[in-house]
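Since the structure comes first, as structure tokens, the remarks are kept for the end.
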Amino acid sequence: MMREPYGVRAEGLPERVTIYEVGPRDGLQNESAVIPVEVKAEFITRLAAAGHRVIEATSFVHPKWVPQLADASELLAGMERVPGVRYPVLVPNERGLDRALEHGVQEIAIFGSATETFAAKNLNRTLDSQFEMFEPVVARALEHGLKVRAYVSMCFGDPWEGPTPIGQVVTVGRRLLDLGCFELSLGDTIGVATPGHVSALIEAFGGPSRLAVHFHDTYGQALANTLAALREGVTVVDASTGGIGGCPYAESATGNLATEDLVWMLHGLGIETGLNLESLVETSTWLAERLGRPSTSRVVQALGPKPAR
């Protein structure tokens with residue numbers, strides 16, 4: 001069996017892509033059974049050993065809303081940090097920022113909504129008033145020398161409102177960038193995007209500058225959508241090892257784009273990632289054993305150990 005794809009360089013694509021690994025945060029946050037903090041720490045260590053240089057470690061969301069990440073302080077205090085690896089942390093508000101600063105975090109992420117209904121359900125805010133919450137967080141973070149990334153959820157569709165108007169996404173995204181965020185991740189939270197829609201949204205922003213993409217694979221379109229984004233010049237793609245993840249506030253949100261599946265495609269296109277595919281497969285297999293279910297990644301299913309009959 002082939003363990004690596006045959007690489008054929010395609011014209012018009014980036015030479016290198018940064019994979020922003022969200023497995024420890026966005027991947028694990030939807031797990032119902034609490035994962036021991038020691039497992040989370042080893043998961044992050046394994047991801048760094050596989051070559052990741054950006055690993056979103058955890059979140060300082062209130063444990064009432066995301067119980068799985070209630071151990072954020074313990075994790076950050078005990079996990080190994082590899083020089084040259086970024087370990088951003090998601091923060092929802094100023095209290096979350098306070099905790100991040102207490103732990104010496106160097107990079108944070110905030111998460112906004114492109115739709116009114118999801119802003120109400122996820123942030124308890126209106127589409128417009130969400131920025132009142134973000135402004136002091138970003139301003140204080142920048143004053144302390146932190147880098148700030150912004151996510152926008154429901155960029156392509158919302159389970160309550162239907163398709164999200166492109167202009168509405170651009171308005172929200174630009175307001176977040178104008179606050180001082182260095183990068184904006186466009187989230188297909190419920191996995192309804194298609195390649196033409198992806199291209200149209202990136203073009204509406206005026207090009208790929210400071211944009212990243214975050215696809216869920218609900219309808220099997222995540223890789224196709226990623227390729228469309230790459231053709232538009234995007235060079236940062238969010239993914240989750242083993243395809244784990246979802247959204248606690250949107251039941252129709254299934255797993256993230258699997259890191260291994262993304263790496264197989266990128267390496268096949270002759271695009272550098274700095275990641276070792278075998279190590280990623282081993283990590284996914286290890287994690288699947290601890291989660292008590294097989295990985296949904298097609299590459300892990302193909303290259304990992306086969307279940308006993």
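All values below were derived from every heavy atom in this structure, side-chain atoms included, with hydrogens, water molecules and symmetry-related copies excluded.
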Spatial distance of atom CZ (F215) from atom CG (L257) [nearest 0.5 Å]: 8.5 Å
Stepwise side chain to side chain contact (heavy atoms under 4.5 Å, CB included) test for E80 and V85: CA-CA 11 Å; E80 176 187 2; V85 178; over 6 Å; no
Residues D261 and S297: side-chain donor-acceptor under 3.5 angstrom: yes
Heavy-atom side-chain proximity of I190 to F118 below 4.5 angstrom: no
Backbone N/O of A193 and side chain of D188: donor-acceptor pair under 3.5 Å: yes
Donor-acceptor under 3.5 Å (Q106 side chain, G104 main chain): yes
For E203, side-chain contact (heavy atoms from CB on, under 4.5 Å) partners two or more places apart: S199, E232
Joint hydrophobic cluster, W160 plus V152, side-chain heavy atoms closer than 4.5 Å: yes
Sub-4.5 Å side-chain heavy-atom contact between T194 and F156: no
Spacing of CG belonging to L179 relative to CZ belonging to R174, to within rounding of 0.5 Å: 14.5 Å
Smallest separation among heavy atoms of G96 and V91, with atom names: O-CG1, 3.6 Å
Side-chain donor or acceptor of N93 paired with backbone N/O of L97 under 3.5 Å: no
Could you pull out all donor-acceptor pairs under 3.5 Å where a side-chain atom in residues 34-49 meets a protein atom, sequence neighbours excluded?
residue : atom : partner : partner atom : Å
K40     : NZ   : Q68     : O            : 2.4
K40     : NZ   : Q68     : OE1          : 3.3
K40     : NZ   : D71     : OD1          : 3.1
K40     : NZ   : D71     : OD2          : 3.0
E42     : OE2  : R46     : NE           : 3.1
E42     : OE2  : R46     : NH2          : 3.2
T45     : OG1  : A41     : O            : 3.1

By side-chain contact (heavy atoms from CB on, under 4.5 Å) - contacts of A204 (at least two apart): I166, V170
Heavy-atom donor-acceptor pair, S59 side chain to V89 backbone, under 3.5 Å: no
Side-chain heavy-atom pair V137, I108 within 4.5 angstrom cut-off: yes
Non-hydrogen atoms of V213 and S185 that approach each other most closely: C-OG, 4.1 Å
Heavy-atom pair of closest approach, residues F134 and G112: CZ-CA, 3.6 Å
Partner residues of E132 under the side-chain contact (heavy atoms from CB on, under 4.5 Å) criterion, sequence neighbours left out: R125, S129
Straight-line distance of S153 OG to N122 CG, nearest 0.5 Å: 6.0 Å
Residues which pass salt bridge (Lys or Arg N to Asp or Glu O under 4.0 Å) with E161, listed by chain and number, not counting sequence neighbours: none
Any side-chain heavy-atom pair of T235 and P208 under 4.5 Å: no
Any side-chain heavy-atom pair of F205 and L184 under 4.5 Å: yes
Salt bridge (Lys or Arg N to Asp or Glu O under 4.0 Å) partners for R175, two or more places apart: D128
Nearest heavy-atom neighbours spanning N225 and P195: OD1-N, 3.0 Å
Side chain to side chain contact (heavy atoms under 4.5 Å, CB included) assessment of R81 paired with L76: CA-CA 9 Å; R81 285 179 169 82; L76 290 175; 3.7 Å; yes
Side chain to side chain contact (heavy atoms under 4.5 Å, CB included) assessment of W264 paired with R298: CA-CA 10 Å; W264 182 276; R298 301 299 291 271; over 6 Å; no
By side-chain hydrogen bond (donor to acceptor under 3.5 Å, both in side chains) - contacts of S240 (at least two apart): none
Any residue meeting salt bridge (Lys or Arg N to Asp or Glu O under 4.0 Å) with E183, in chain and number order, not counting sequence neighbours: R149
Separation of I244 CD1 from R293 CZ (nearest 0.5 Å): 7.5 Å
List the atom pairs, donor and acceptor, that lie under 3.5 Å between side-chain atoms in residues 268-278 and the rest of the protein, sequence neighbours left out.
residue : atom : partner : partner atom : Å
E272    : OE1  : R16     : NH1          : 3.2
T273    : OG1  : H267    : NE2          : 2.7
T273    : OG1  : L275    : N            : 3.1
N276    : OD1  : E278    : N            : 3.1
N276    : OD1  : S279    : N            : 2.8
N276    : OD1  : S279    : OG           : 3.2
E278    : OE1  : R3      : NH2          : 3.0
E278    : OE2  : R3      : NE           : 2.8
E278    : OE2  : R3      : NH2          : 3.4

Candidate pair F60 and L69, rule side chain to side chain contact (heavy atoms under 4.5 Å, CB included), full reasoning: CA-CA 7 Å; F60 281 123; L69 304 181; over 6 Å; no
Side-chain donor/acceptor of H144 to backbone N/O of L146, under 3.5 Å: no
N/O donor-acceptor pair under 3.5 Å between Y20 side chain and E56 backbone: no
Residue pair Y151 / A109: nearest heavy atoms and the distance that separates them: CE1-CB, 3.7 Å
Close side-chain approach of S295 and T285, heavy atoms under 4.5 Å: no
Flag if over 12 foreign heavy atoms under 6.0 Å of CG, D178: yes
Pairwise distance CD(E107) to CG(L90) - rounded to 0.5 angstrom: 11.5 Å
Non-neighbouring partners of T58 that pass side-chain hydrogen bond (donor to acceptor under 3.5 Å, both in side chains), sequence neighbours left out: none
Side chain proximity check, L266 to I19, heavy atoms < 4.5 angstrom: yes
Listed once per pair and sorted, the salt bridge (charged side-chain N to carboxylate O under 4.0 Å, His left out) pairs that draw on residues 87-99, sequence neighbours left out: E94-R140, R95-E102, D98-R140
Within 6.0 angstrom of R86 CZ, more than 12 heavy atoms from elsewhere: yes
Test item: side-chain donor near acceptor, N256 and H214, under 3.5 Å: yes
Hphob cluster co-occupancy, I110 + F182, side-chain heavy atoms under 4.5 angstrom: no
Nearest-0.5 Å distance that lies between atom CG in L123 and atom CE in M133: 4.5 Å
Residue pair V61 / W65: nearest heavy atoms and the distance that separates them: CG1-CB, 4.0 Å
Listed partners of Q130 passing side-chain hydrogen bond (donor to acceptor under 3.5 Å, both in side chains), at least two apart: none
Note, L186 side chain near L211 side chain (heavy atom, < 4.5 Å): yes
